[in-house]
A.B. asks: 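A single structure is presented below for examination.
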Number of protein chains: 2
Amino acid sequence: MVQLVGGDESHPAPRSADVARVAGVSRKTVSRVFNGEPYVSAEVRRRVLDAAEQLGYRLNNAARALASGRTRSIGVVTLGTAGYGPASLLVGVERAVRDTGYALRVVSTVEGDPAGVAGAVESLLGQGVDGIVISEPVDDGEVSVRVDVPVLFLGAPPAFAGRRTLTAGVGSDLLARAATEHLLDLGHATVHHLAGPRRWYAARDRLQGWRAVLAARGRSAPAAIEGDWSAASGYAAGRGLAYDSDVTAVFAAGDDMAIGLIRALTEAGRHVPDDVSVVGFDDMPVAAYVTPPLTTVRQPFDAAAKEGLKLLVHAIEKPEVDLPPAPDPPVELVVRASTAPPPSRTTPGTWASCDPSPRGGLHGPSISDGGLPAQR
Amino acid sequence: MVQLVGGDESHPAPRSADVARVAGVSRKTVSRVFNGEPYVSAEVRRRVLDAAEQLGYRLNNAARALASGRTRSIGVVTLGTAGYGPASLLVGVERAVRDTGYALRVVSTVEGDPAGVAGAVESLLGQGVDGIVISEPVDDGEVSVRVDVPVLFLGAPPAFAGRRTLTAGVGSDLLARAATEHLLDLGHATVHHLAGPRRWYAARDRLQGWRAVLAARGRSAPAAIEGDWSAASGYAAGRGLAYDSDVTAVFAAGDDMAIGLIRALTEAGRHVPDDVSVVGFDDMPVAAYVTPPLTTVRQPFDAAAKEGLKLLVHAIEKPEVDLPPAPDPPVELVVRASTAPPPSRTTPGTWASCDPSPRGGLHGPSISDGGLPAQR
DNA sequence: GTGAAAGCGCTAACAA
DNA sequence: TTGTTAGCGCTTTCAC
């Protein structure tokens, strides 16, 4: 295991002056070495590095920030929930930030937090950051914050982009279109939508993508149902949907909701996918292993975080040069076994019967559902 | 939405001297007000606050840290995966840290990272933190880091506790015992274990708890199978276990693995829970909605984070006074529908047959699995 | 290539 | 209850 050796209480931590003395150079030269500045001879550089190593020297970040005016850290405002989406984005951001050489400060907001995003941003500003990432922004109503660093909205429509305001999306709109089109292509007359909370821009985006496809194909758009991303809310929605035999296809804005939805449908005797097809959103790791394996669109969290951070760091370091917005990452629809063509009109399957014949393999599941006796 | 008003580029950010001038007091008094120190008259305090408000003053954290030697931030080393466990712990830590008034710095390690935990700790130390939280520590082999701040291990055995090293667990050992006992109480002859990677202390803890119960009851302990927390690894393990008809009960060290395991068993025609009972670990949100709803032990992430942070902050602020270790949080076993008594010896159910009779309701599921035609 | 001097904005210790 | 004086450890600017 990692041994944590307590620092020698006796001696204070070495400073750059100590290193300079040992190496026989000036403090400025030590500074040059540690900042990778040019104009230091290889010989001197080595001496400095050796001295630092020997002394166990570590640059004092506070002093550096104070003197240079740059904190070399980026702050992220995230949702204080362990939901798969926000958590994955946070992980992506962490990795991306680390690659840029910046440190990461995190503040989370809880749903219904009075201070909200504005409070979180203030807090970050107080801590000292060179840039801010707002992950999965939520509409908090009108609040205004004075900010003097660039801000990246991750998972918000590009409409947010402004002077020092950047966006990088996961392309929710496009992904939602792909999901809806998949269902329509399978032959469903229309697609119902189980949306996320309307306060979330991500939820609005998906809703809009779904609606756009329906409109483009001249299909009627049923009223969307609003969930809260949780499996429980999907379950609740499913109980309502199950008794409407017009419902043959549902696009859920999140995998958790999709799983809850499927459970409710199944309990009500509506078989997925034979009676109702369900598409999820996220492609969380369990999606391939639930019953039936879930057809879903994968969210490119890492790509979005990486692209977004590239933009942000650029805005921090070269504010004068504008960079084009990040390109939308490729759409990945993962077709598994929760979607199928609609039941034929002539045999409206309402209640389950026991029929061990395997079901038709029109769809191409990534994971076969093996020797399971099928129900219809 | 949150309006981000750009700072007036013209004027530099106000400093405490500006506030002091406007309020007609000294800089030290401003400092006093912002640090909540006593000995400031209400009248003066108000003047200072007003002046600060008017000027849009914000304390400069770097200067403060430099002058005081305290950064007022805590660093956390977390796993760079969006797994439900680590993510939940991180969220818990964030909340707990925020409640203490400290800021949070985050560094993640990826499995197989050469620098590993030691590198992450170094990085945090370089950034400047008053304390460190190591979430879900993994055995990295022998590495040693010089640390001069207290360190909290979250999710590690108390054996780690040392001079300035604290631990707060989620009581994995106890939880694992509860899971195993539940299965034994149901009448199973023994319980198989699908463990997490042996490098994880959390995995070892659970393994040990499982083994201890088996030993205490004089049952034979089958060899544990090692997974990697993923549903995929659970699935792989399940394919192996499915054809061993002695296996009637499995305790999986994580819900994801349990779900993968159940899928493999089901595909192989082994019904859960009639043929095989499965207990998971974590109680992730979807656990109640998969098929069958998963019996699992809930991990008290938030409680552990909160307790742990209390300890850590205490160690930072009052290093001289020792605090007793955090009490183990209560064990919560959530019994749903994935566990049942073992199949009776006389009718060894090996292959699925179609039998729509409902299965016995011995167990008390939180969520009934409704009108589903049962398979055995 | 290298070094000297002058702060960065705040708090600590002491004085008043 | 309030103010004064020194730094905290680094980077900057400019000189050599």
Side-chain angles (χ1 to χ4, degrees), chain A residues 7 11-49 51-52 55-73 103 125-130 148 317, chain B residues 7 11-49 51-52 55-73 103 125-130 148 317:
Chain A
H11 300 300
R15 301 160 306 155
S16 74
D18 299 319
V19 177
R21 192 166 22 71
V22 172
V25 297
S26 74
R27 283 165 56 212
K28 175 63 220 188
T29 298
V30 174
S31 167
R32 284 203 179 90
V33 170
F34 276 89
N35 288 296
E37 284 171 35
Y39 302 124
V40 187
S41 68
E43 142 74 4
V44 168
R45 163 167 278 117
R46 270 205 16 73
R47 283 219 313 272
V48 169
L49 258 16
L55 260 35
Y57 171 71
R58 228 164 355 220
L59 237 154
N60 179 319
N61 196 52
R64 178 144 97 146
L66 178 56
S68 68
R70 297 183 43 204
T71 61
R72 284 152 223 259
S73 38
L125 255 14
Q127 292 171 31
V129 290
D130 294 341
D148 45 4
E317 296 177 353
Chain B
H11 299 301
R15 301 161 306 160
S16 74
D18 298 321
V19 177
R21 193 166 21 72
V22 172
V25 297
S26 74
R27 281 164 59 212
K28 176 64 216 184
T29 299
V30 174
S31 167
R32 284 203 178 92
V33 170
F34 277 89
N35 287 297
E37 285 171 33
Y39 303 126
V40 187
S41 70
E43 143 71 3
V44 168
R45 163 167 276 115
R46 269 206 11 75
R47 282 216 318 267
V48 169
L49 258 16
L55 260 34
Y57 172 70
R58 229 166 354 222
L59 237 156
N60 180 321
N61 197 51
R64 174 142 94 149
L66 178 56
S68 67
R70 296 182 44 204
T71 62
R72 284 151 223 260
S73 33
L125 255 16
Q127 293 171 32
V129 291
D130 293 341
D148 47 2
E317 296 177 354

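Below, each value reflects all heavy atoms present in this structure, side chains not excepted, and no hydrogens, waters or symmetry copies. Keep in mind it's a predicted model, so treat the numbers as computed, not measured. Residue numbers start from 1 in every chain, and the chains themselves are labelled A, B, ... in the order their sequence lines are given, proteins ahead of strands.
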A.B. asks: Just to confirm, is there a sub-4.0 Å distance from OP1 or OP2 of D/dC10 to any side-chain nitrogen or oxygen of A/Arg64?
C.D. replies: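 For D/dC10, OP1/OP2 do not have a side-chain N/O of A/Arg64 under 4.0 Å.
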A.B. asks: Just to confirm, is there a sub-4.0 Å distance from OP1 or OP2 of D/dT11 to any side-chain nitrogen or oxygen of A/Ser68?
C.D. replies: no
A.B. asks: Atom CZ of B/Arg58 to atom P of C/dC10: distance rounded to whole Å?
C.D. replies: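 Rounded to the whole Å, the gap is 12 Å.
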A.B. asks: Separation of B/Arg15 atom CZ from C/dG9 atom P, in whole Å?
C.D. replies: 5 Å
A.B. asks: Given atom CG of B/Asp18 and atom C1' of C/dC8, what is their separation to the nearest angstrom?
C.D. replies: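 Those two atoms, CG and C1', are 14 Å apart.
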A.B. asks: Would you mind classifying the nucleic acid contact of B/Tyr57 as base, sugar-phosphate or nothing, using non-hydrogen atoms under 4.0 angstrom?
C.D. replies: sugar-phosphate
A.B. asks: Name the closest nucleotide to the B/Asn60 side chain, picking from D/dT11, C/dG9, C/dT2.
C.D. replies: C/dG9
A.B. asks: Return the value, rounded to whole Å, for the distance between atom NZ of A/Lys28 and atom C1' of C/dG3.
C.D. replies: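 Rounding to the nearest Å, NZ of A/Lys28 and C1' of C/dG3 are 10 Å apart.
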A.B. asks: May I ask you to test the B/Arg64-B/Asn61 pair for a side-chain heavy-atom distance under 4.5 Å?
C.D. replies: yes
A.B. asks: Of B/Arg27 and A/Val30, whose nearest nucleotide on DNA chain D comes first from the 5' end?
C.D. replies: B/Arg27
A.B. asks: Nearest to the side chain of B/Ser16 - D/dC10, D/dT11, C/dC10?
C.D. replies: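 Output: C/dC10.
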A.B. asks: Would you mind reading off the distance between A/Leu66 atom CG and C/dT11 atom C1', rounded to a whole angstrom?
C.D. replies: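 Distance check: A/Leu66 CG to C/dT11 C1' gives 12 Å.
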A.B. asks: Which one, D/dG3, C/dG1, C/dG3, comes nearest to the side chain of A/Ser41?
C.D. replies: C/dG1
A.B. asks: So, under a plain 3.5 Å distance rule, would you say the side chain of A/Arg32 forms a donor-acceptor pair with the base of C/dG3?
C.D. replies: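 Answer yes: a donor N or O sits under 3.5 Å from an acceptor.
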A.B. asks: For D/dG3, take OP1 and OP2 only and decide whether either is under 4.0 Å from a side-chain N or O of B/Thr29.
C.D. replies: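 Yes, because at least one side-chain N or O of B/Thr29 sits under 4.0 Å from OP1 or OP2 of D/dG3.
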A.B. asks: Return whichever of B/Val25 or A/Asn61 has its heavy-atom-nearest nucleotide of DNA chain D closer to the 5' end.
C.D. replies: B/Val25
A.B. asks: From CD of B/Glu37 over to P of C/dA13, roughly how many Å is that when rounded to an integer?
C.D. replies: 11 Å
A.B. asks: A/Arg72 has an atom CZ; how far is it from atom P of D/dT11, in whole Å?
C.D. replies: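 Computing the A/Arg72:CZ to D/dT11:P distance gives 7 Å.
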A.B. asks: Give the nucleotide from the list C/dT2, D/dT11, C/dG9 with an atom nearest to the side chain of A/Asn35.
C.D. replies: D/dT11
A.B. asks: Can you find a pair of side-chain heavy atoms, one from A/Asp18 and one from A/Arg15, that are under 4.5 Å apart?
C.D. replies: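 They are in side-chain contact.
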